[in-house]
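Before any comments, here is the structure.
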Amino acid sequence: MSFTRLLSCNAAEAPLIPSAAESFRLAHSCLIHGWSTGRAILESHDNSGLGYHVIYSLVRGTIGGIYLSVPEEAGVGDVELFIRDVVLRDEMKEQCSKFFIFFSCQCEPHNTLILQIVLETLDTLRITPTMSPYTAPSLARPNLPLPAGYTLAPVQLSHVDHIVHHWKLSEGKEGRSETQLRIMATSGIKERPSVGVFVDGQPDMPVAWCLMYQAGGLGPIYVMAEHRGKALARLMVREIHRRVEKVHGARPFAMISDSNEASQGLFSSEGWVKSNHVHLLARAN
């Protein structure tokens, strides 16, 4: 059970790996197309003719995201060895952020094992908050007409304070810091497609918005209370889904809080399926 490193390079300059898991290919495609401008390292490893792949996303000099592709036919021992001794080997473990990491792996038979190993190895981190990944259907549904009195336009950097204020309120005291949310919102607006809904004649402040995370996930999605019940969230989800599908040829995902019944209902009614992929949001204890 030995692994041979075949490739280690700048992920944005590496060709897509057709055999890799879909969630991994989406994260990689976002880097290639400039939807994430931070530095990222891609490694490919071989074990008994099977390909194992990992992307390390660097945030301010530390690893803030880890994206894996593990073959479904891999044995339990091989998976454990790959996670412990390759992905989280000492030199990489030392570079992992002590504050926040997004960890993603699509390996249906081994999800529980992978999650257990990650939490044991990165023992300063805990899952937060309790969230589940929903994966989009293969084809985006047709766009919906915008209700009268509203305009659709990209979100601007001048809207960051407004977005972070509502984001922080929705996450509560156990959520991420205002600084972290500000960095994420700014990145989402500058680097990836966004959708904002504005009241006609009031372009200074969106009343609803949908951004994207760097690996192809939707969020945050928010509709201000007085504008709910008009299918604005559904409209934005379909629009972003269509753009991801067009550019990357892959399905986006969304991380939804287990306590957010409204979002669960929305995505389920749109054909998004709650998946068993390991999408782990972790932060320091």
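We number each residue from 1, following the sequence as shown. Here the structure is a predicted model, which is why all the values come from computation and not from measurement.
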- Task: Treat each ILVMFWY residue as a node, draw an edge where side-chain heavy atoms are under 4.5 Å apart, and state whether Val164 and Tyr213 are in one component.
- Result: yes

- Examine distances only and state if a side-chain atom of Lys93 and a backbone atom of Thr121 form a donor-acceptor pair shorter than 3.5 Å. yes

- Item | side chain to side chain contact (heavy atoms under 4.5 Å, CB included) assessment of Ile163 paired with Ile189 | CA-CA 11 Å; Ile163 290 171; Ile189 293 168; 4.3 Å; yes

- Consider only side-chain heavy atoms of I, L, V, M, F, W and Y, link residues closer than 4.5 Å, and tell whether Leu68 and Ile32 are in one cluster. no

- Note on the structure: So CG of Leu146 and NZ of Lys230: to nearest 0.5 Å the spacing works out to 10.5 Å

- How long is the span from the CD1 atom in Ile63 to the CD atom in Glu94, to the nearest 0.5 Å? 10.5 Å

- Query: Same hydrophobic cluster for Ile41 and Leu16, using side-chain heavy-atom links shorter than 4.5 Å among ILVMFWY?
  - Reply: no

- Message: Quick one, Pro203 and Thr151 - any side-chain contact, counting heavy atoms below 4.5 Å?
- Response: no

- Which word best sums up how the rings of Phe253 and Phe102 line up, parallel for under 30°, tilted for 30 to 60°, or perpendicular for over 60°? parallel

- Query: Ring centres of Tyr52 and His45 under 6.0 Å apart?
  - Reply: no

- Query: Quick one: do the Glu191 and Thr37 side chains pair a donor with an acceptor below 3.5 Å?
  - Reply: yes

- For the pair Phe267 and Trp272, name the ring-plane relationship: parallel under 30°, tilted 30 to 60°, perpendicular over 60°. perpendicular

- Would you say the ring centroid of Phe3 lies under 6.0 angstrom from that of Phe82? yes

- Worked check of side chain to side chain contact (heavy atoms under 4.5 Å, CB included) between Val207 and Val223: CA-CA 6 Å; Val207 298; Val223 180; over 6 Å; no

- Query: Do His28 and Leu42 have side-chain heavy atoms sitting under 4.5 Å apart?
  - Reply: yes

- Query: Is there side-chain contact between Trp209 and His159, with at least one heavy-atom pair below 4.5 Å?
  - Reply: no

- Item | Minimum-distance pair of heavy atoms, taken over all atoms of Gly64 and Val59 | CA-CG2, 4.1 Å

- Message: A quick test of your reading: do over 12 heavy atoms of other residues, nucleotides or ligands sit less than 6.0 Å from CZ of Arg228?
- Response: yes

- Message: Are His248 and Trp35 packed together at the side-chain level, in the sense that at least one heavy-atom pair is separated by less than 4.5 angstrom?
- Response: yes

- When rounded to the nearest 0.5 Å, the distance separating CG of Asn111 from OG of Ser275 is 8.0 Å

- Message: Testing the 3.5 Å rule here: is there a donor-acceptor pair between the side chains of Asp46 and Thr4?
- Response: no

- Looking only at non-hydrogen atoms, find the nearest pair between Ile17 and Ser44 and report the distance. CD1-OG, 3.7 Å

- Of all heavy-atom pairs between Leu235 and Pro145, which one has the smallest distance, and what is that distance? CD1-O, 3.7 Å

- Give the cluster check for Val86 versus Leu113: same hydrophobic cluster or not, with ILVMFWY residues linked at side-chain heavy-atom distances below 4.5 Å. yes

- Note on the structure: Exactly one candidate in Arg192, Met212, Arg182 meets side-chain contact (heavy atoms from CB on, under 4.5 Å) with Ser187; the answer is Arg192

- Check step by step if side-chain hydrogen bond (donor to acceptor under 3.5 Å, both in side chains) holds for Gln106 and Tyr67. CA-CA 9 Å; Gln106 183 178 344; Tyr67 309 94; over 6 Å; no

- Task: Begin from the C-alpha positions of Glu178 and Trp167 and carry the test side chain to side chain contact (heavy atoms under 4.5 Å, CB included) through to its verdict.
- Result: CA-CA 9 Å; Glu178 184 172 328; Trp167 200 353; over 6 Å; no

- Which heavy atom in Ala215 sits nearest to a heavy atom in Cys30, and how many Å separate them? C-SG, 4.1 Å

- Item | Ring geometry between Tyr150 and His227 (parallel below 30°, tilted from 30 to 60°, perpendicular above 60°) | perpendicular

- Indicate yes or no: at least one non-hydrogen side-chain atom of Pro147 is less than 4.5 angstrom from one of Leu232. yes

- Message: Tell me the closest heavy-atom pair linking Ser23 and Ser104, and the distance in Å.
- Response: OG-OG, 4.1 Å

- Query: Can any side-chain N or O of Tyr56 pair as donor or acceptor with the backbone N or O of Val87 at less than 3.5 Å?
  - Reply: yes

- Query: Is it true that the side chains of Asn260 and Ser257 contain a donor and an acceptor less than 3.5 Å apart?
  - Reply: no

- Query: Taking all non-hydrogen atoms of both residues, which atom of Ile240 and which atom of Pro193 are closest, and how far apart?
  - Reply: CD1-O, 3.9 Å

- Message: With heavy-atom distances below 4.5 Å as the criterion, would you say the side chains of Val70 and Leu50 are in contact?
- Response: no

- Query: Looking at side-chain heavy atoms only, is the closest gap between Val197 and Pro206 below 4.5 Å?
  - Reply: no

- Query: Strictly by modelled atom types, are Ser69 and His53 linked by a side-chain donor-acceptor pair under 3.5 Å?
  - Reply: no

- Is the side chain of Arg242 donor-acceptor paired with the backbone N or O of Ala140 at a distance under 3.5 Å, no angle test? no

- Message: To the closest 0.5 Å, what do you measure between OG (Ser132) and CD1 (Ile256)?
- Response: 8.5 Å

- Task: Check for a donor-acceptor pair, side chain of Thr186 on one end and backbone N or O of Ile183 on the other, with a separation under 3.5 Å.
- Result: no

- For the residue pair Arg234 and Ser269, confirm or rule out a side-chain donor-acceptor distance under 3.5 Å. yes

- Task: Kindly compute the distance separating CD (Gln264) from OG (Ser259), expressed to the nearest 0.5 Å.
- Result: 8.0 Å

- Less than 4.5 Å apart, any side-chain heavy atom of Pro133 and any of Lys274? no

- Message: Using only atom types and a distance under 3.5 Å, with no angle test, would you say the side chain of Gln95 pairs donor to acceptor with the backbone of Glu91?
- Response: yes

- Message: Can you confirm whether the side chains of Glu120 and Gln116 place a donor and an acceptor under 3.5 Å from each other?
- Response: yes

- Message: I need the single residue from His241, Glu239, Glu245 that forms a side-chain hydrogen bond (donor to acceptor under 3.5 Å, both in side chains) with Arg243. Which is it?
- Response: Glu239

- Item | side chain to side chain contact (heavy atoms under 4.5 Å, CB included) between Cys210 and Leu218, intermediate numbers included | CA-CA 7 Å; Cys210 178; Leu218 273 66; 4.2 Å; yes

- Message: Could you check whether Arg89 pairs with Glu43 (Lys NZ or Arg NE/NH1/NH2 to Asp/Glu carboxylate O, under 4.0 Å)?
- Response: yes

- Item | Between CG on residue Leu119 and CD1 on residue Ile114, distance to nearest 0.5 Å | 12.0 Å

- More than 12 heavy atoms from other groups under 6.0 Å of CD on Glu261: no

- Message: Tell me whether Val160 shares a hydrophobic cluster with Met205, the cluster being built from Ile, Leu, Val, Met, Phe, Trp, Tyr side chains joined at under 4.5 Å.
- Response: no

